[in-house]
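Ligands are counted one by one from 1 in listed order, and the atoms in each one are counted from 1 as well.
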Amino acid sequence: MSASLSESRRHEVIIIGAGVSGIYQVKRLTDLGIDSIVLEGDDDLGGTWYRNRYPGARFDSESYTYGYSWSREVLDEWSWKERFSAQPENLRYLNFVADKFDLRRHMRFNARVTSMTWDDAAREWTVELQSGETYVARFVIPSLGPLSMPTLPNYPGMDEFTGKSFHTYHWPTEPVALEGKRVGVIGTGATGIQVIGELADKVGELKVFQRRPNWSSPLNNSPISDEEMADIRGRYDEIFANCAESPGGFEHVPDWRGFWKLTADERREHFDFLYSQPGFAILVANFAEIFFDEAANQEISDYIADRIRQRVDDPELAEKLIPRDHGFGMQRLPLETNYFEAYNRDNVRLVDLSDAPIEQITATGIQTTAEHHELDVIVYATGFDAITGGYDRIDIRGVDGVSLAELWHDSPRTFVGVLAHRFPNLFMVAGPQSVSGSTNFPRAIETGVDWVTDLLEHARSRGSTRVEATADAEQEWVDEVVRAHERMMFRRSKGWFTGYNSNVAGHQEGKIRYQAYFGGAPRYAARVTEIAAAGYPGLHLS
Ligand code: NAP
C-alpha cells in the first residue's frame with residue numbers, strides 16, 4: 001500500500017452511517033476541526049429516508065419537531081409543506097442540510113462496514129469494508145439507526161415467486177407499476193398500515209396478510225401554509241423546549257389531571273378531542289395512566305375499538321382488525337390515513353393468518369393453509385431486527401477479541417446507550433438502551449451526538465487516547481434500563497420495543513431484550529448531562 005493511500009485511510013474518527021445522526025455527528029466534529037469520515041453502506045446519504053421509499057412513507061412526528069434544531073439558518077431557510085412530511089421531501093431536507101454545510105466531502109458511499117477490531121496496544125480501531133479495504137481510527141462512532149436492518153420471513157418458496165417482491169425498506173428506486181396489479185402486503189405494523197392506506201385505491205386488487213392486528217389511530221395530516229410556517233419559525237425555541245420536556249420528545253405532553261378524578265364523560269370528551277388531533281396526541285397527550293393502569297388502558301382500548309367499528313362497514317371484519325392480545329399503546333402505535341376505510345373497498349381483502357397461516361410462497365402467489373392467492377407483487381412489510389440488528393451485522397471485536405454480538409446475544413449491555421465495557425473508544429449515537437428507540441428519534445439523536453462530541457472533546461483536552469466504560473457503571477445502567485422497563489405495562493406485549501421479531505433467531509416471544517431506555521427523554525437527558533458535569537464517573541480515561 002502506498003504511503004499516501006494508507007494516510008488517506010487513517011482518520012481520528014470514523015462515523016458509520018450517513019443518516020440523520022451521522023449527518024449531525026460529522027457536522028459537529030468537522031466544526032471542531034476533528035478529522036472525521038463517514039462510511040455509508042448505501043450509495044447516498046439519508047439512511048432511513050434514503051431507503052424507505054414505499055408509497056405512503058412519511059413522518060409521523062410533526063415535521064418541524066423531526067427536523068434538526070441545531071442550525072438557526074436551517075430553521076430559517078427550510079419550510080415544511082406538510083405537518084407530516086413525506087419521504088421524498090424528507091430526503092430533500094437531509095440533502096439540503098448536508099449540501100448547505102458541504103458535508104458530502106466527509107462522506108464515503110458504497111462503503112459497507114463488515115468488521116471492526118480494537119487494537120489495545122495501538123489504541124485504535126481497524127475497520128474493514130465489504131470491499132476488503134480497511135480504515136484505521138482512534139474513535140469509531142456507529143450512527144446506525146435503530147431500524148436499519150430489515151427482516152424477511154422464512155417462508156419456503158420465497159425465491160421462486162415470479163412476480164415482483166421486496167421488503168418495504170428496499171422498495172425499488174425506479175417506479176413500480178401497480179395500476180391494475182394484484183398486490184399482497186404481508187405485515188400490519190406502522191409500515192404496512194401506511195402502505196395499505198396509500199395503495200388501496202391505486203392497485204387492481206389488494207390483499208392484506210395479517211398475522212396480528214395493531215392498534216392504529218388517525219395521523220390527521222394537513223398542509224402547512226406559509227403563514228403557519230412563519231408562525232412555527234417564530235416559535236421554534238418554544239417548540240424544541242416543549243419537546244425537551246416531554247417524555248416522548250414530542251410537542252404533545254401527557255395529561256396529568258388524573259384519570260380517575262374525571263368522570264367517564266369527561267374522559268370520553270378528551271378522547272374525542274385527541275382522536276381529531278394530529279400525530280401521537282392520542283397517545284402521548286393522553287392521560288398518563290393509560291401506560292400504567294390496566295383499567296385506564298382498557299378504557300382507551302375500548303374507545304379506539306369502537307372507532308374502528310364505526311369506520312369499517314363489515315362488523316365481522318372490524319372485529320378482526322381489533323387487537324385482543326395487547327392494549328392500545330402497548331406496542332409502537334402506527335398512525336394511519338384511510339387505513340380502516342381501505343377495507344370498505346371492493347378491491348381490498350383481509351387475509352387473516354390467525355385463521356389460516358401462510359404455508360409457502362409459490363411461483364404465482366401465496367399459499368395459506370386455506371387457499372392460494374394469485375399475486376403480481378408481494379410487499380414484505382415485515383419489520384426490522386430493531387436497535388441491535390445494525391450492530392450484529394458488523395463483526396465488532398473489542399479488548400482481547402471479545403465479540404459484541406456474542407456479549408449481546410441475550411440482550412444488549414451499555415453505559416447510557418453510548419459505551420460498552422471492553423469496547424473502548426466506541427461511542428454509539430442513539431445506541432441500544434438510549435432513548436432513541438422509544439422517542440421522537442431526532443430529538444434523542446441530538447442529545448446523543450452532543451454528548452458524544454463533548455466526551456470526545458473532554459478526552460482530547462486531557463490527552464486521553466482510551467475511553468472505556470467500567471463494568472460496574474455498565475451494570476448500573478443495565479439495572480436502570482430494566483427497572484424503567486418493568487414499570488411499563490407494554491413489557492408483556494410482543495413488538496420490537498421488547499425485542500420481539502419472529503424472523504430473527506433468539507428474538508422470540510417471552511424472551512425480553514432490554515433494548516431501549518423507557519425512563520423518558522427528559523430523565524435521560526438530565527442523567528447524561530449530570531454525568532458529563534461530574535467529569536464522567538463510570539468512565540475510565542487514560
Ligand atoms: P413492525 O412494526 O415490526 O411490523 C411488522 C409486521 O410484519 C407485523 O404486523 C408482523 O406481525 C408482520 N410479520 C413479521 N413477520 C411476519 C411473518 N413471518 N409472517 C406474517 N407477518 C409477519 O415493522 P414496521 O411496520 O416496519 O415498523 C417498524 C417501526 O418502524 C415502527 O414501529 C416505527 O417505529 C418505524 N416506522 C416509522 C414510520 C414513521 O415514522 N412514519 C413509519 C413506518 C415505520 P406480528 O405483529 O404478528 O409480529
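- The shortest N or O to N or O distance between Ala190 and ligand 1 is under 3.5 Å.
- Residues Phe291 and Phe490 keep their aromatic ring centres 6.0 Å or farther apart.
- Within the 4.0 Å heavy-atom criterion, the part of Arg58 lying near ligand 1 is the backbone and not the side chain.
- The aromatic rings of Tyr303 and Tyr275 sit perpendicular to each other, their planes meeting at more than 60°, with 30° as the lower class boundary.
- Contact atoms of ligand 1 toward Phe59: 41 (N) (distance under 4.0 Å to a heavy atom of the residue).
- For a threshold of 3.5 Å applied to N or O pairs, the pair formed by Asn214 and ligand 1 contains no separation below that value.
- Counting only heavy atoms from C-beta outward, the side chains of Ile282 and Phe273 never approach each other to under 4.5 Å.
- In this comparison of Phe209, Trp49, Tyr500, Tyr54, the heavy atom closest to atom 43 (C) of ligand 1 sits on Tyr54.
- Neither the backbone nor the side chain of Phe84 has any atom closer than 4.0 Å to an atom of ligand 1 (non-hydrogen atoms only).
- With a 4.5 Å cut-off on side-chain heavy atoms, Arg307 and Phe271 do not count as touching.
- Under the 4.5 Å side-chain criterion, counting only non-hydrogen atoms from C-beta, Trp477 is in contact with Thr414.
- The minimum heavy-atom distance between Ala244 and Pro522, with the atom names listed, is O-CG, 3.4 Å.
- Shortest contact from atom 19 (N) of ligand 1 to any protein heavy atom: Tyr155 OH, 2.6 Å.
- Geometrically, ligand 1 and Arg332 share a nitrogen or oxygen pair separated by less than 3.5 Å.
- When only non-hydrogen protein atoms are considered, atom 2 (O) of ligand 1 lies nearest to Gly189 CA, 3.7 Å.
- Here the protein heavy atom with the shortest distance to atom 27 (O) of ligand 1 is Thr191 OG1, 3.7 Å.
- In this structure, Tyr68 and Tyr24 have tilted ring planes: the angle between them lies in the 30° to 60° band.
- Contact annotation: for Trp496 versus ligand 1, heavy atoms closer than 4.0 Å belong to the side chain alone.
- Atoms of ligand 1 lying under 4.0 Å from at least one heavy atom of Ile186, given by number and element, are 20 (C), 21 (N).
- Atom 12 (C) of ligand 1 has Gly187 CA, 3.7 Å as its closest protein atom, hydrogens excluded (heavy atom only).
- Contact check for Trp70 versus Val97: side-chain heavy atoms found under the 4.5 Å cut-off.
- For Ala381, every heavy-atom contact with ligand 1 shorter than 4.0 Å involves the backbone, none the side chain.
- Taking atom 46 (O) of ligand 1 as the reference point, the nearest protein heavy-atom neighbour is Arg212 NH2, 3.0 Å.
- Neither the backbone nor the side chain of Ile358 has any atom closer than 4.0 Å to an atom of ligand 1 (non-hydrogen atoms only).
- Of all heavy-atom pairs between Tyr391 and Pro432, the closest is CE1-CD, 3.7 Å.
- Near Gln194, meaning under 4.0 Å from any of its heavy atoms, are these atoms of ligand 1: 41 (N), 42 (C), 43 (C).
- Closest to atom 35 (C) of ligand 1, if we only count protein heavy atoms, is Leu147 CD1, 3.5 Å.
- Relative ring orientation between Phe166 and Trp171 is described as perpendicular, the plane-to-plane angle rising above 60° on a 0-90° scale split at 30° and 60°.
- Ring pair Phe59/Trp49 is perpendicular by interplanar angle, where above 60° counts as perpendicular and below 30° as parallel.
- Partner of Tyr64 under the side-chain hydrogen bond (donor to acceptor under 3.5 Å, both in side chains) criterion, out of Glu251, Arg235, Arg233: Glu251 alone.
- The number of heavy atoms from other shown groups lying within 6.0 Å of CZ (Arg393) is above 12.
- Arg211 NE, 2.9 Å is the protein heavy atom nearest to atom 47 (O) of ligand 1.
- Counting protein heavy atoms only, atom 9 (O) of ligand 1 is closest to Thr188 N, 2.9 Å.
- Neither the backbone nor the side chain of Ile193 comes within 4.0 Å of ligand 1, counting heavy atoms alone.
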